[in-house]
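What follows is a short report on a single structure.
Each chain gets a letter, A, B and so on, in the order the sequences are listed, and its residues count up from 1. Nothing here was measured: the structure is a model prediction, and the numbers come from that model.
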Amino acid sequence: MHDVERLLRDELGRRSALPAPSAAAVVTAVHGLRRRRRITTAALCAVAVLATLAGTVSVLRPTASAPPAFPPPVVGPVSLTLPPDVRFADADHGFALARSCLADSCQLYLAATTDGGASWQRHPVPGETFPAEQGGQVGLLVLSATTVALDAFDGTRRKFTTDGGRTWTSPPMEPQGTVAEIPDGGSGEIRSNPGQPIDIVVLRPDGTSALLATPPVTRPLTSMATHVQRADDGSDWVYGGDDTRTWLWVSRDRGRTWREVPLPGDAAAPGGGQGPHLEHGRIVYVVETSPKRRVWRSFDDGAHWADLGKDLPPDPDGEAGLGAVVAFDGTLFVYEPATGAVYRAMPTEQRLGRVGDVPIWHRAGSRYLRGAGPKASDGPFEHSADGLTWTELSL
Amino acid sequence: MPDHSFDDFVHAALPALSRYAYALTGERAAGEDLIQDTLVKVAGAWRRVHRDGSPLAYARTTMLNTYLSAWRIRRRRPASVPLEVDWPGPDAYGPVDVRDQLRRALDALPRAQRAVLVLGFLDDLSDEEIAVMLDRRPATVRSLRHRGLAALRRQLDGDQVEGDPYARR
């Protein structure tokens with residue numbers, strides 16, 4: 001058995017010790033590259049500016065005028081873990097991981113709301129203490145309005161509550177027996193087995209685990225997501241790949257049968273780029289940034305794909321990147337993290353159009369979550385049911 | 001009067017950026033490409049970055065994003081090949097073999113896993129710090145690190161048992 005961590009540290013130390021290139025040569029090359037790129041960009045900018053003006057006016061107006069729904073509640077000694085681990089089971093019921101630290105030792109809390117995040121109740125999680133500099137060692141898995149599992153990242157333990165965090169049990173994580181489906185209020189975890197097809201471990205609403213009897217029949221592959229993703233319409237999705245291809249499967253009967261979803265463009269190539277956006281369930285999006293920016297949409301489980309991204313400014317090297325969020329109604333928002341530019345395509349629209357530089361949000365289950373600081377990853381954090389009226393997430 | 005602050009920044013920041021670029025890419029040429037691409041982007045935002053007062057942090061984040069988004073380009077580069085071990089005798093080269101295995105295993109990791117390992121093991125950054133830099137959740141960072149280490153361990157221990165002729169002596 002090798003001491004992998006020591007070997008890794010040594011190898012990275014060796015790699016990083018290579019002598020730096022000549023600064024003068026780098027400066028010259030950078031200025032030369034910028035000059036060449038500037039010429040191409042100038043023409044494209046003129047077109048983009050015109051499109052931006054039209055979109056910005058129509059979209060920014062309602063957002064800018066929306067007042068905060070609630071004043072921030074009083075902050076106690078229990079604070080949100082950062083970045084926040086928050087998920088709403090529905091528009092009213094949600095959970096957040098929090099912590100309370102004394103000196104260098106912290107106690108993990110589960111904060112729960114039953115009124116859409118206006119107020120939060122905080123419950124300590126027994127046995128979950130950790131050094132302040134480490135952060136919590138568990139992930140938040142919300143199964144219903146009252147049921148939550150906290151799984152340790154190393155897969156060794158699970159804390160489970162069915163009453164919103166008031167009482168806790170520690171059920172075993174190893175699956176016992178098989179189940180026919182992933183039930184309502186349950187969850188599926190994907191297990192990659194070296195040299196063998198994947199398994200799906202079903203976490204039942206009562207906290208027990210079992211293997212799904214009929215996982216998608218795959219080649220030996222590496223899952224690209226830790227969990228089976230259940231979309232808003234109740235469909236279940238598995239995404240993964242190996243050195244030759246990337247696959248996507250869907251089940252519309254809670255995991256009893258699976259169908260492979262053909263992926264568009266280069267998304268089926270090994271590596272897969274960004275994962276598909278499956279939140280809506282009936283509408284699937286795939287965002288590609290390289291070698292060409294393409295934003296695909298399918299209404300029929302991948303039988304047909306349409307490219308919505310023809311009006312996006314080109315990014316030949318695929319280096320600027322694109323992020324994407326699917327709203328509850330299936331509208332896709334695509335944004336450039338570097339510039340903050342946001343593009344939108346509603347389900348009825350055939351192309352993405354620039355809608356300004358509105359702050360982008362993320363899905364946190366049945367609500368949206370956004371950082372209201374200078375960067376999207378900065379607090380204070382706010383949540384919203386509609387993307388227009390925002391409430392500060394304050395415990 | 002021309003502004004030389006960017007050029008001065010490049011001179012000052014190059015050692016730190018090179019360190020990251022080489023650790024991420026594992027190759028000198030690819031590392032230099034990554035540095036150059038990163039600095040082109042930093043130069044484009046220089047006024048704002050310089051005004052905000054943390055150009056090195058900005059450049060480091062830009063480098064990570066560039067690295068993570070350029071995976072297709074990287075895939076066209078030559079891949080590492082195993083070091084041939086075909087001579088008998090005592091295993092004086094064991095450490096070399098292990099290093100070669102580790103290098104190949106590291107190069108085979110998905111980019112996000114590799115970035116998390118580099119940030120965590122090169123500079124001992126916390127999961128939260130890495131999460132902010134990569135714009136991921138800490139839970140995702142922990143998962144990526146766990147998977148990355150597991151893959152390395154599997155590769156090394158697997159090679160030791162199955163692939164290394166000296167292991168059975």
Contacting moiety of [X], where chain A heavy atoms sit under 4.5 Å:
X: E32(B); result: side chain
X: D8(B); result: neither
X: L17(B); result: neither
X: H146(B); result: side chain
X: L102(B); result: side chain

Where [X] and [Y] come nearest, the two heavy atoms and their spacing:
X: L97(A); Y: V138(A); value: CD1-O, 3.9 Å
X: Y67(B); Y: L24(B); value: OH-O, 3.3 Å
X: Q113(B); Y: L144(B); value: CG-O, 3.6 Å
X: T246(A); Y: A269(A); value: OG1-O, 2.7 Å

- Query: At a heavy-atom separation under 4.5 Å, does L8(A) approach chain B through its side chain, its backbone, both, or neither?
  - Reply: both

- S22(A), part contacting chain B, at a heavy-atom distance under 4.5 Å: backbone

- Using the side chain to side chain contact (heavy atoms under 4.5 Å, CB included) rule, take E336(A) and L322(A) through it: C-alpha gap first, then chi angles, then the decisive distance, then the call. CA-CA 5 Å; E336(A) 290 180 319; L322(A) 286 175; 3.7 Å; yes

- Do you know which of P21(A), G323(A), G13(A) has the most heavy-atom pairs under 4.5 Å to chain B? P21(A)

- Message: Quick check on the interface: out of G26(B), A131(B), P15(B), S143(B), who has the most heavy-atom pairs with chain A under 4.5 Å?
- Response: G26(B)

- Please work out whether the ring planes of H383(A) and F88(A) are parallel, tilted or perpendicular, with thresholds of 30° and 60°. tilted

- Query: Angle class for the W361(A)/Y368(A) ring planes (parallel below 30°, perpendicular above 60°, tilted otherwise)?
  - Reply: tilted

